[in-house]
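Since the structure comes first, as structure tokens, the remarks are kept for the end.
A, B, ... follow the sequence lines: proteins, then strands. Residue 1 opens every chain. When reading the values below, keep in mind they use all heavy atoms of this one structure, side chains included, and skip hydrogens, waters and symmetry mates. Owing to the predicted nature of the structure, the values given are computational and were not obtained by experimental measurement.
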Amino acid sequence: MPTGSPLDHFRHRLTAALAQALGIVPESIKLERPRDPSHGDFAFPCFQLAKERKQAPPALASEIAGKLAGLEHISAKTAGPFLNFTIDRTELARRVLTAAFDPAYGGGNEGAGKTIVLDYSSPNIAKRFHIGHLRSTVIGMAIRKMCEARGFRVVGINHIGDWGSQFGKLLTALRRYSSEAALDAAAATGTAIEHLHEIYVHYHEDEEKGGDLAKELAAESRKWFLDLESGAENEARRLWKKMTTLSLAEFERIYRRLNVTFTEIRGESAYEPDLAPTVRRIKEAGVTRISEGALVIDVEGSEKPALLQTGDGTTLYLTRDLASVFYRKETYKFWKAVYVVGSDQRDHFRELKLVVKRLGLPWWDDIEHAYFGMMRLPEGKMSSRKGRVVILEDVLDSAVEQVRTLVREKNPNLQHADEVAEQVGIGAVVFNDLKNDRRRDVVFSWQEVLNFDGETGPYCQYTHARLASIVRKSGQTPSAEADPALAGEGAQLLLAIGRFPETVALAAERFEPHLLASATVELAQLANAYYRDHRVLDAGSQQLVAARLALVEAARRTLARALALLGIAAPAEM
RNA sequence: GCGCCCGUAGCUCAGUUGGAUAGAGCGGCGGUUUCCUAAACCGCAGGCCGCCGGUUCAACUCCGGCCGGGCGUACCA
């Protein structure tokens with residue numbers, strides 16, 4: 001697969017030469033990157049072939065070395081059972097610099113003509129946006145940008161949780177512990193969601209007491225939700241609309257700060273008209289049965305059936321997700337439908353796929369759950385119902401405030417200091433959520449999100465600012481046409497820049513932003529090492545200044561582009 | 001109980017899908033600012049890769065068992 005990497009050229013040369021020397025097809029040649037860069041740029045271990053050919057691996061390695069032909073600009077060397085290859089530094093610099101100066105560097109076209117419907121963020125109405133919601137939001141946004149860079153059409157959908165039986169509870173809570181007037185008053189001071197959240201917590205406290213009270217609450221809530229699902233323009237609907245509007249305003253404020261956008265904000269309630277037809281469609285397929293009063297469907301690999309409708313006739317999460325996946329397939333003809341949703345819902349998405357499969361739809365396996373690990377607190381699982389959450393805006397505010405203090409002390413004359421503090425503070429929080437394998441559970445730690453040293457967003461941003469500063473102070477416009485023979489001195493940095501497109505391709509293919517995030521840290525580390533060892537502005541000859549400047553600019557552009565794909569700003573100064 | 005996921009340095013994590021002496025960051029200790037921003041850089045200390053067995057020329061990586069943790073386990077989402 002062409003990745004658009006300037007290293008592809010060398011790789012192709014190598015696999016072709018090796019295939020010819022060995023008399024096998026190029027596709028079966030697997031090149032590796034040596035652990036130790038001093039061994040070379042590419043490696044070919046000979047163990048497996050040696051075994052097949054009943055030869056000693058080192059003997060085969062030197063035999064191949066003798067037969068290699070057409071390795072223009074690549075030198076080969078054996079190291080025991082390994083064949084190591086090193087790219088000619090001048091040719092490496094020439095190709096990498098030219099590629100990296102292209103504004104679309106890192107892009108590709110393997111996604112051309114393919115549509116990905118990506119479901120991310122999807123918070124619940126009437127609950128505060130907490131640190132756990134951040135994961136889906138920023139992981140989803142990074143996946144979207146990476147996939148778009150690789151040529152996919154991505155439809156980003158915010159599947160707002162604005163439907164379901166919890167609205168019955170919320171309406172009950174509003175009537176019992178508060179009033180519409182009190183909600184309006186809270187809205188006037190911008191605290192409507194806090195207010196709703198509080199009464200929601202109150203409800204669950206009472207519910208936990210059990211007894212008659214809990215029964216009353218449950219009955220009342222059921223009635224409210226039935227009213228809502230009746231479709232009539234009644235009291236329930238009017239209040240529901242009000243809560244929805246108020247919540248969306250808070251979400252908008254956060255998305256603006258995070259620079260997160262959607263193609264479509266379409267809540268679960270939008271599928272309300274599709275629910276009855278969806279249930280009918282599944283019933284008509286003859287795969288449902290009634291169990292304990294509920295409409296269920298059996299799915300393979302599980303003795304428990306999936307529930308489509310409750311004994312009351314109200315719908316469930318699964319029903320609404322089925323309606324929405326049908327809508328998405330019909331509307332967007334997706335190549336893949338990807339859900340950036342927590343790992344606690346793995347069984348749910350397995351059920352969703354298997355129900356679609358049972359309906360005989362061939363695209364069932366195009367549904368993919370790009371799950372992420374749970375965000376927990378040191379004291380245990382977060383819970384909106386128990387009010388035990390870390391509010392995202394508090395985290396963002398703390399991070400920005402802390403950066404503001406740092407800027408004042410480190411760079412007091414900085415222009416637009418507030419804007420930079422916002423970019424770096426947000427960058428720290430976002431990067432912190434992207435840097436590890438998304439499937440891992442994380443325990444929230446203030447100390448970690450507020451750390452700006454080492455493998456962090458601010459470290460990458462700082463490196464970018466340093467590179468930008470060198471270019472700015474040179475007073476020159478860097479050019480990729482600089483003498484590649486001189487730029488070759490930064491081989492490790494050139495290689496890291498050269499790997500960028502294939503990293504984006506892999507991260508997009510696996511929906512794994514952390515692959516890009518860790519490559520970005522590595523790039524920043526190598527850039528730091530480069531300008532530590534190679535003075536740019538006082539390099540001596542004009543040719544050497546131009547060559548080093550070209551490399552600095554190539555690194556700067558790649559770093560900026562990587563951060564952009566991760567949804568992080570790259571200020572020129574900080 | 002059953003199912004899925006995880007266990008790598010004091011802490012948080014990488015480890016290119018089986019290859020060369022297991023790598024970073026934080027924290028600790030020691031250094032580097034008349035030198036393009038010290039949010040940086042350099043050095044040191046710190047590892048039976050949870051445990052036991054198996055497959056393989058080769059296992060942190062694959063398989064089985066055990067121990068420890070997380071999540072899920074039909075009328076919430």
Side-chain angles (χ1 to χ4, degrees), chain A residues 32-36 39 43 45-48 50-51 56-57 79-82 84 122 124 161 163-166 169 268 291-296 301-312 314-318 320-321 341-348 350-351 371 373-374 376 381 384-385 403 406-407 409-411 414 424 428 435-437 439-443 445 447-448 451-463 465-474 499 502-503 506 514-515 518-519 521-522 524-525 528-529 531-533 535-539 548 552 573-574:
Chain A
E32 296 180 357
R33 162 147 70 123
R35 265 210 152 76
D36 184 345
H39 288 146
C46 299
F47 303 98
Q48 207 174 323
K51 196 187 177 194
F82 289 90
N84 292 325
S122 309
N124 291 328
W163 205 249
S165 58
Q166 78 269 26
K169 297 179 182 182
E268 289 183 83
S291 167
E292 297 172 35
L295 182 70
V296 304
S302 167
E303 66 275 23
K304 302 239 177 188
L307 257 78
L308 294 170
Q309 241 175 4
T310 69
D312 294 334
T314 56
T315 59
L316 289 156
Y317 183 34
L318 180 64
R320 293 190 286 276
D321 265 2
V341 178
S343 63
D344 53 343
Q345 290 179 40
R346 291 190 74 180
D347 284 355
H348 167 74
R350 202 185 69 88
E351 265 181 7
Y371 67 91
M374 295 291 96
R376 284 177 295 124
K381 201 184 172 186
S384 288
R385 289 184 318 215
V403 171
L406 261 178
V407 168
E409 123 196 359
K410 290 175 186 287
N411 198 349
L414 182 64
V424 175
K435 70 178 177 187
N436 297 138
D437 189 322
R439 292 168 294 192
R440 254 186 128 87
D441 286 350
V442 295
V443 175
S445 150
Q447 205 207 317
E448 250 181 85
N451 175 31
F452 311 132
D453 299 329
E455 296 168 342
T456 65
Y459 171 79
C460 299
Q461 290 172 312
Y462 173 77
T463 307
R466 289 288 300 272
L467 296 169
S469 168
I470 293 172
V471 173
R472 190 170 53 244
K473 289 188 174 167
S474 76
R499 272 181 236 122
E502 55 208 54
T503 303
L506 189 67
H514 103 274
L515 296 174
S518 49
V521 169
E522 193 185 357
Q525 285 169 337
N528 269 297
Y531 66 62
R532 177 193 69 226
D533 296 332
R535 304 280 311 166
V536 178
L537 302 186
D538 42 10
R548 289 183 174 175
V552 163
E573 287 180 79
M574 63 185 269

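Using a 4.0 Å heavy-atom distance criterion, Ala50(A) is classed as making no nucleic acid contact. Using a 4.0 Å heavy-atom criterion, one finds that Lys169(A) contacts no nucleic acid atom at all. Looking at heavy-atom distances under 4.0 Å, Gly161(A) makes no contact with the nucleic acid at all. Ala465(A) comes within 4.0 angstrom of a base, heavy atoms only. Among the atoms of the strands shown, base atoms are found under 4.0 Å from some heavy atom of Val407(A). Ser291(A) comes within 4.0 angstrom of a nucleotide base, judged by non-hydrogen atoms across all strands. The residue Pro34(A) sits close to a base: some heavy atom pair falls under 4.0 Å. Among the atoms of the strands shown, base atoms are found under 4.0 Å from some heavy atom of Glu292(A). Within 4.0 Å of Glu573(A), counting heavy atoms only, lies at least one base atom of the nucleic acid.
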Identify all pairs in which a protein N or O lies below 3.5 Å from an N or O of nucleotides 8-13 of chain B, and state each distance.
unit_1, atom_1, unit_2, atom_2, d
U12(B), O2', Glu448(A), OE1, 3.3
C13(B), O3', Asn436(A), ND2, 3.2
C13(B), O2', Asn436(A), ND2, 2.7

Show the distances under 3.5 angstrom between N or O atoms of the protein and N or O atoms of nucleotides 3-5 of chain B.
unit_1, atom_1, unit_2, atom_2, d
C4(B), O2', Arg346(A), NH1, 3.0

N/O contacts under 3.5 Å, protein versus nucleotides 55-62 of chain B?
unit_1, atom_1, unit_2, atom_2, d
C57(B), OP1, Lys51(A), NZ, 2.4

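For Ser165(A), the side-chain atoms get nearest to C76(B) when compared with the rest of G19(B), A24(B), C76(B). Proximity note for Leu307(A) (side chain, C-beta onward) versus G72(B), A74(B), A77(B): the nearest is A74(B). Of all nucleotides listed (U21(B), A20(B), A14(B)), A14(B) comes nearest to the side chain of His514(A). Taking the side chain of Tyr462(A) as heavy atoms from C-beta on, and the options U37(B), G25(B), A74(B), the nearest nucleotide is U37(B). Minimum atom distance to the side chain of Lys304(A) is reached by U73(B), of the listed A77(B), G72(B), U73(B). Side chain of Gln345(A), nearest nucleotide from U21(B), A77(B), U37(B): A77(B). For Val296(A), taking side-chain heavy atoms from C-beta onward, the closest of the listed nucleotides C76(B), G72(B), A74(B) is A74(B).
For Tyr462(A), there are no ring-ring contact (aromatic ring centres under 6.0 Å, His included) partners at least two apart in sequence or on another chain. Taking the ring-ring contact (aromatic ring centres under 6.0 Å, His included) definition, one finds that Tyr317(A) meets it with His348(A), sequence neighbours left out. Evaluation of the salt bridge (Lys or Arg N to Asp or Glu O under 4.0 Å) rule for Glu268(A) yields Arg320(A) as partners, not counting sequence neighbours. Residues satisfying the salt bridge (Lys or Arg N to Asp or Glu O under 4.0 Å) criterion with Asp437(A), sequence neighbours excluded, are Arg439(A). Taking the ring-ring contact (aromatic ring centres under 6.0 Å, His included) definition, one finds that Phe82(A) meets it with Phe47(A), sequence neighbours left out. For the salt bridge (Lys or Arg N to Asp or Glu O under 4.0 Å) test, residues two or more places apart in sequence or in another chain that qualify with Arg499(A) are Glu522(A). Remark: Leu406(A) engages Glu409(A), Lys410(A), Phe452(A) in a side-chain contact (heavy atoms from CB on, under 4.5 Å) (not counting sequence neighbours).
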Treat primed atoms plus P, OP1 and OP2 as sugar-phosphate and everything else as base, then score nucleotides 27-36 of chain B 5' to 3': B for base contact with protein heavy atoms under 4.0 Å, S for sugar-phosphate contact only, - for none. --------SB
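When side chains are defined from C-beta on, Arg350(A) counts as touching Ser302(A), because their heavy atoms get closer than 4.5 Å. Side chains of Leu318(A) and Leu307(A) form no contact here, defined as non-hydrogen atoms less than 4.5 Å apart.
No aromatic stack links His348(A) and the base of A77(B), using centre distance under 5.5 Å and interplanar angle under 30°.
Rounded to an integer number of Å, the gap from Asp321(A) CG to A77(B) P is 10 Å. The distance from atom NE2 of His39(A) to atom C1' of U16(B) is 16 Å, rounded to the nearest whole Å. Rounded to whole Å, atom C1' of A40(B) lies 13 Å from atom CG of Leu406(A).
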The dot-bracket string of RNA chain B, counting Watson-Crick and G-U wobble pairs with both distances under 3.5 Å, using [ ] for crossing pairs and | for pairs to another strand, is (((((((..((((.....[...)))).(((((.......))))).....(((((..]....))))))))))))....
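In this structure U33(B) sits in the syn conformation; its chi angle is within 90° of 0. Base orientation of U17(B): syn (glycosidic angle within 90° of 0).
Nearest approach of Val521(A) to Tyr459(A), heavy atoms of both residues: O-CE2, 4.2 Å. In plain terms, the two heavy atoms of Gln166(A) and Gly161(A) that are nearest each other are NE2-O, 4.1 Å. Residues Cys46(A) and Pro57(A) approach most closely at CB-O, 4.0 Å, considering heavy atoms.
In terms of polar N and O atoms assigned as donor or acceptor, the side chain of Asn84(A) comes within less than 3.5 Å of the base of A20(B) in a complementary pairing.
The CZ atom of Arg535(A) sits 10.0 Å away from atom CZ of Arg548(A), with the distance rounded to the nearest 0.5 Å.
For A24(B), the OP1/OP2 oxygens have no side-chain nitrogen or oxygen of Tyr459(A) closer than 4.0 Å.
Heavy atoms of other residues, nucleotides or ligands lying less than 6.0 angstrom from CD of Gln48(A) number 12 at most.
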What verdict does the side chain to side chain contact (heavy atoms under 4.5 Å, CB included) test give for Met374(A) and Ser343(A), after you've listed the backbone C-alpha separation in whole Å, the side-chain angles of each residue and the deciding distance to 0.1 Å? CA-CA 7 Å; Met374(A) 295 291 96; Ser343(A) 63; 4.0 Å; yes
